[in-house]
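These notes are about the structure you will find just below.
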Amino acid sequence: MTLDRRAELGEFLRSRRARLRPEELGLPDYGGRRRVPGLRREELARLAGVSVDHYVRLEQGRTLHFSEAVLDAVARALRLDAVEREHLYRLARPWPEADRGREEQPSSPPLQQVRPGLRRLLDSAADVPAYIVGRNTDVLAWNRLAAALITDFGALPPYRRNLARLVFLDEGMRSLYADWRGKASDVAAYLRLAAGRHPDDPQTAALIEELTRESAEFREVWAEHQLKDKTHGRYLYRHPVVGELDLGYETLRLPDDPDQALIAHTVEEGSPSQTALRLLASWAQESALGVPLGDGARRIRLDHDPQ
C-alpha cells in the first residue's frame with residue numbers, strides 16, 4: 001500500500017483554494033451565499049490564466065503531466081510559499097523514469113544508518129539536547145540530554161522511536177509540551193511533507209493509516225493539510241524534574257542524505273531555562289551513574305529549592 005498521489009494532489013489544491021478570501025482578491029462574494037469557503041475552481045482558473053478544464057484536470061489528478069508554466073501560474077494564484085510550491089511540483093509531475101515501476105510494486109526504502117562520526121558528534125555535545133531524525137520522523141540517534149529532555153529513546157523498541165507516534169499516541173507527550181496542539185500540528189506538517197517526498201513508501205502510508213486509526217487529534221490536524229519543513233523554532237517544555245525550559249532548535253540537514261536531519265536545542269545565556277537545562281544535565285548524569293531516578297530528581301529539587 002502506498003499513498004494515492006492523485007487524491008493527495010486534489011485535497012491539497014482544494015485546501016489551498018479554501019483559505020483564499022474572494023474579497024481580498026477583489027472578487028464578488030455573491031451576497032455571502034457561497035456553498036464552500038474560498039475560491040471556486042472557475043475563479044482560481046481565471047486568476048491563474050488557465051482554462052477551467054485544465055485546472056479541473058489538475059485538481060482531479062486526471063494526469064500528472066502538467067507543464068512548469070501551468071504549475072507556476074497555479075502556485076502564484078494560490079499564493080503558495082516555497083515549501084508548498086515544491087510539494088505541488090512533487091505531486092503534479094511525472095514519476096522519474098527509474099521510479100515508475102515502483103508505483104506497481106512498492107518496496108520499502110533501504111534502512112537508514114547513522115554514521116559513527118555523527119554519533120560521536122551527538123555524544124560530544126554534552127550540554128545540548130540533540131538527536132537525528134530520519135524518514136517519517138523516525139528518531140535514529142540521540143544523546144543523553146535529548147533522552148532526558150524528551151523520553152528515554154533507548155528504552156523504547158525501535159518501532160516506537162518515532163516522533164509522530166510519540167506525540168499522538170504517548171500520553172506523556174501531552175504534558176511535556178506547553179503547547180501540545182502546536183507541536184502536534186508541526187509534526188503532522190513534517191510528516192505530510194515527507195509523504196510528498198516519498199509517496200511510494202509503504203512505511204509512510206502505514207504510519208499515516210495507523211495514526212489516522214488510533215488518534216482523533218491526528219485526524220483533525222491531518223485534515224488541515226499543513227506543510228512545514230523542520231528548520232528552526234522554539235518549544236516550551238514542562239519537564240517533570242526541572243520544570244519549564246524555553247528552548248530554541250536549529251536543524252542541520254545532511255548533504256549526502258537529505259532525509260536525515262540533526263536537531264540541536266539552544267538556550268539563551270543567563271536565562272532560567274539555561275539553569276534548568278544544567279540541572280537536567282546533572283540529573284541525566286546521575287541517572288547514567290546508576291542513581292535511582294526518583295532519588296536524583298528529589299536531590300535536585302532540594303539542592304535548588306529557592307527557599
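This one's a predicted model, so the numbers in the text were calculated from it and none came from an experiment.
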Open item on the list: Under the rule for side chain to side chain donor-acceptor pair (under 3.5 Å), what residues qualify as partners of K183, not counting sequence neighbours?
Closed with: none
Task: Under 3.5 Å side-chain donor-acceptor pair for H87 and R90 - done: no
Task: Pairs involving residues 246-270, ordered by first then second residue, that meet ring-ring contact (aromatic ring centres under 6.0 Å, His included) (sequence neighbours left out) - done: Y235-Y249, Y237-H265
Open item on the list: Checking D259 now: which residues fulfil salt bridge (Lys or Arg N to Asp or Glu O under 4.0 Å) with it, not counting sequence neighbours?
Closed with: none
Task: With sequence neighbours excluded, residues passing side chain to side chain donor-acceptor pair (under 3.5 Å) with E84 - done: R16, R19
Task: Short N-O contact, E42 and R46, less than 4.0 angstrom - done: no
TODO: Write down the atom of D201, the atom of Q203, and the distance for their closest heavy-atom approach.
DONE: OD1-N, 2.9 Å
Show me the donor-acceptor pairs, under 3.5 Å and distance only, between side chains in residues 154-168 and residues at least two apart or in other chains.
from, atom 1, to, atom 2, distance (Å)
Y159, OH, R165, NE, 3.4
Y159, OH, E210, OE1, 2.7
Y159, OH, E210, OE2, 2.9
R161, NE, F153, O, 3.0
R161, NE, L156, O, 3.0
R161, NH2, L156, O, 2.9
N162, OD1, T137, OG1, 3.3
N162, OD1, A164, N, 3.0
N162, OD1, R165, N, 2.9
N162, ND2, N136, O, 2.7
N162, ND2, T137, OG1, 3.3
N162, ND2, D138, OD1, 2.8
R165, NE, E210, OE1, 2.9
R165, NE, E210, OE2, 3.4
R165, NH1, Y159, O, 3.1
R165, NH2, E210, OE1, 3.0

TODO: Go through the structure and list residues passing salt bridge (Lys or Arg N to Asp or Glu O under 4.0 Å) with E269, not counting sequence neighbours.
DONE: none
Open item on the list: Using modelled atom types and a 3.5 Å cut-off, is there a donor and acceptor pairing between side-chain atoms of Q260 and backbone atoms of Q113?
Closed with: yes
Task: Counterpart residues, salt bridge (Lys or Arg N to Asp or Glu O under 4.0 Å), relative to K230 (two or more places apart) - done: none
- [ ] Just jot down the salt bridge (Lys or Arg N to Asp or Glu O under 4.0 Å) partners of R197, sequence neighbours excluded, or say none.
- [x] D229
- [ ] State whether E220 and R181 are salt-bridged, where the test is any N-O pair (Lys NZ or Arg NE/NH1/NH2 against Asp/Glu carboxylate O) under 4.0 Å.
- [x] yes
Task: Where at least one partner belongs to residues 114-132, residue pairs that pass salt bridge (charged side-chain N to carboxylate O under 4.0 Å, His left out), sequence neighbours excluded - done: R115-D256
Task: Any side-chain heavy-atom pair of V74 and L13 under 4.5 Å - done: yes
Task: Electrostatic pair R192-E11, nearest N-O below 4.0 angstrom - done: no
Task: Considering all heavy atoms, the nearest A148-H239 contact - done: O-NE2, 2.7 Å
Open item on the list: When you compare the side chain of S185 with that of E224, does any pair of heavy atoms fall below 4.5 Å?
Closed with: yes
TODO: Check which hydrophobic residues are tied to V56 through side-chain heavy-atom contacts below 4.5 Å, counting indirect links as well, and list them.
DONE: V52
- [ ] List for me each residue that meets side chain to side chain donor-acceptor pair (under 3.5 Å) alongside R21, sequence neighbours excluded, and say none if there are none.
- [x] none
Open item on the list: Going by side chain to side chain donor-acceptor pair (under 3.5 Å), name the pairs with one or both residues in residues 72-83, residues two or more places apart or in two chains.
Closed with: D72-R85, D72-Y89
